[in-house]
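Working notes, beginning with the structure itself.
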Amino acid sequence: MPELPEVETICRELSNLLIGRKILSIEPLRENTIIYNTELIENQTISKIERRAKYIVISLSKGQQLVIHLRMTGKLIFPITNNFDSKYTRAIIYIDNDDEIHFDDIRCFGKIYINEQNQTNDQFAKLGIEPLTDDFNVDFLYQKAKNRNQEIKPFLMNQEIVVGIGNIYVQEILFHSKINPTRKAKTIKKHEWQKIIYNTKNTLLIAIDNNGTTISDFRRVDDKTGEFQNFLQVYGKDNCPICDNKLEYIKQAGRSTRYCKECQK
DNA sequence: AAGCTTTCCTGAACGC
DNA sequence: TGCGTTCAGGAAAGCT
């Protein structure tokens with residue numbers, strides 16, 4: 001389940017491998033995988049690959065863009081080895097020198113958007129701020145939260161407020177910050193926001209340094225796993241790593257949450 | 001308008 | 001063993 005660090009890892013690896021390569025064509029293997037006109041990107045050179053929120057943005061020489069969201073189980077696979085075979089390949093990007101990039105996705109939630117030259121990015125219209133920038137600060141969060149009745153966990157996962165944080169990292173961030181995920185966002189004090197900001201940046205940066213978290217499905221482009229799962233404190237755990245009490249297990253807005261009611265107040 | 005729930009989808013895990 | 005049910009979850013749509 002790729003969140004910010006996983007998408008960042010993929011973008012960096014793809015950049016190293018694919019800048020300057022030419023896309024010949026893109027072929028959908030399943031309906032609703034590719035949004036818009038596939039002919040728009042034919043015979044164009046890849047000029048830049050970068051992350052925005054959890055989107056992979058591949059910019060092309062004539063200004064068009066391929067914008068990819070992996071959702072839960074999407075993968076971009078490159079290079080394709082001779083014995084590679086998957087029944088979940090949803091699209092194939094053919095590039096120069098007889099190479100292919102495969103878009104593989106078991107659950108078919110992932111999407112590839114093709115944007116015209118100079119087209120405003122519809123996918124990005126409602127996105128909030130990037131958590132690794134200085135805009136992600138106490139004043140911003142305090143203002144956004146002060147009139148909200150929402151719990152802090154779904155608040156931090158709301159991509160219209162801050163982008164890139166999903167169900168794994170939000171639980172880690174709140175654990176490190178010693179904040180109970182059921183607290184209302186508007187009750188969070190400024191010194192607590194400061195802790196949340198510090199732990200958000202710190203957790204995401206360490207995860208990026210470790211190539212993301214591999215929980216069952218996530219793979220890097222070369223099929224290697226990330227390593228941050230070795231650092232997880234509460235996600236998928238039964239007991240608190242600090243006090244060893246059994247972790248609470250609840251649902252918030254349809255998403256599972258684990259937290260320690262002794263250590264997180 | 002905010003904040004829920006439902007939907008999309010499939011494999012794994014579980015229960016009888 | 002095997003079949004049916006439940007669960008996992010990002011984001012958009014639907015609903016209250």
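Letters A, B, ... mirror the listed sequences (proteins, then strands); counts begin at 1. Since the structure is predicted, the reported quantities are computational estimates derived from the model, not experimental observations. The figures here come from the full heavy-atom set of this structure, side chains too, leaving out hydrogens, waters and symmetry mates.
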Just wondering, more than 12 heavy atoms not from A:Y142 lying within 6.0 Å of its OH?
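Not buried by this count: 12 neighbours or fewer within 6.0 Å.
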Quick check for you: among C:dG9, C:dA8, B:dC9, whose closest atom lies nearest to any side-chain atom of A:R255?
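So the side chain of A:R255 is nearest to C:dG9.
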In terms of side-chain heavy atoms of A:Y88, which of B:dG11, B:dT5, B:dG3 is nearest?
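So the side chain of A:Y88 is nearest to B:dG11.
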Are A:K54 and A:E6 ion-paired here, with the side-chain N under 4.0 Å from a carboxylate O?
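Looking at A:K54 and A:E6, the cut-off is not met.
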Grab the [atom1]-[atom2] distance between [X] and [N] for me, whole Å please.
X	N	atom1	atom2	result
A:I35	B:dC8	CD1	P	16 Å
A:Q159	C:dA13	CD	P	15 Å
A:E160	C:dA13	CD	P	11 Å
A:M157	C:dA8	CE	P	13 Å
A:E151	B:dA2	CD	C1'	14 Å
A:D104	B:dG11	CG	C1'	14 Å

Do A:I188 and A:L156 sit in the same hydrophobic cluster, where Ile, Leu, Val, Met, Phe, Trp and Tyr count as joined when their side-chain heavy atoms come under 4.5 Å apart?
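Yes: a chain of side-chain contacts under 4.5 Å links A:I188 to A:L156.
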Is the ring centre of A:F109 under 5.5 Å from the base ring centre of C:dG10, and are the two planes under 30° apart, so that they stack?
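Here A:F109 meets both the 5.5 Å and the 30° conditions.
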Could you check whether [X] gets within reach of a base, just the sugar-phosphate, or nothing at all, counting any heavy atom under 4.0 Å?
X	result
A:K126	nothing
A:F155	nothing
A:Y235	sugar-phosphate
A:N149	sugar-phosphate

OP1, OP2 of C:dC7 versus side-chain N and O of A:S256: anything below 4.0 Å?
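So the side-chain polar atoms of A:S256 never come under 4.0 Å of the phosphate oxygens OP1 or OP2 of C:dC7.
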Is it true that a side-chain atom of A:R183 and a backbone atom of A:T187 form a donor plus acceptor pair closer than 3.5 Å?
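Here the side-chain-to-backbone pair exists.
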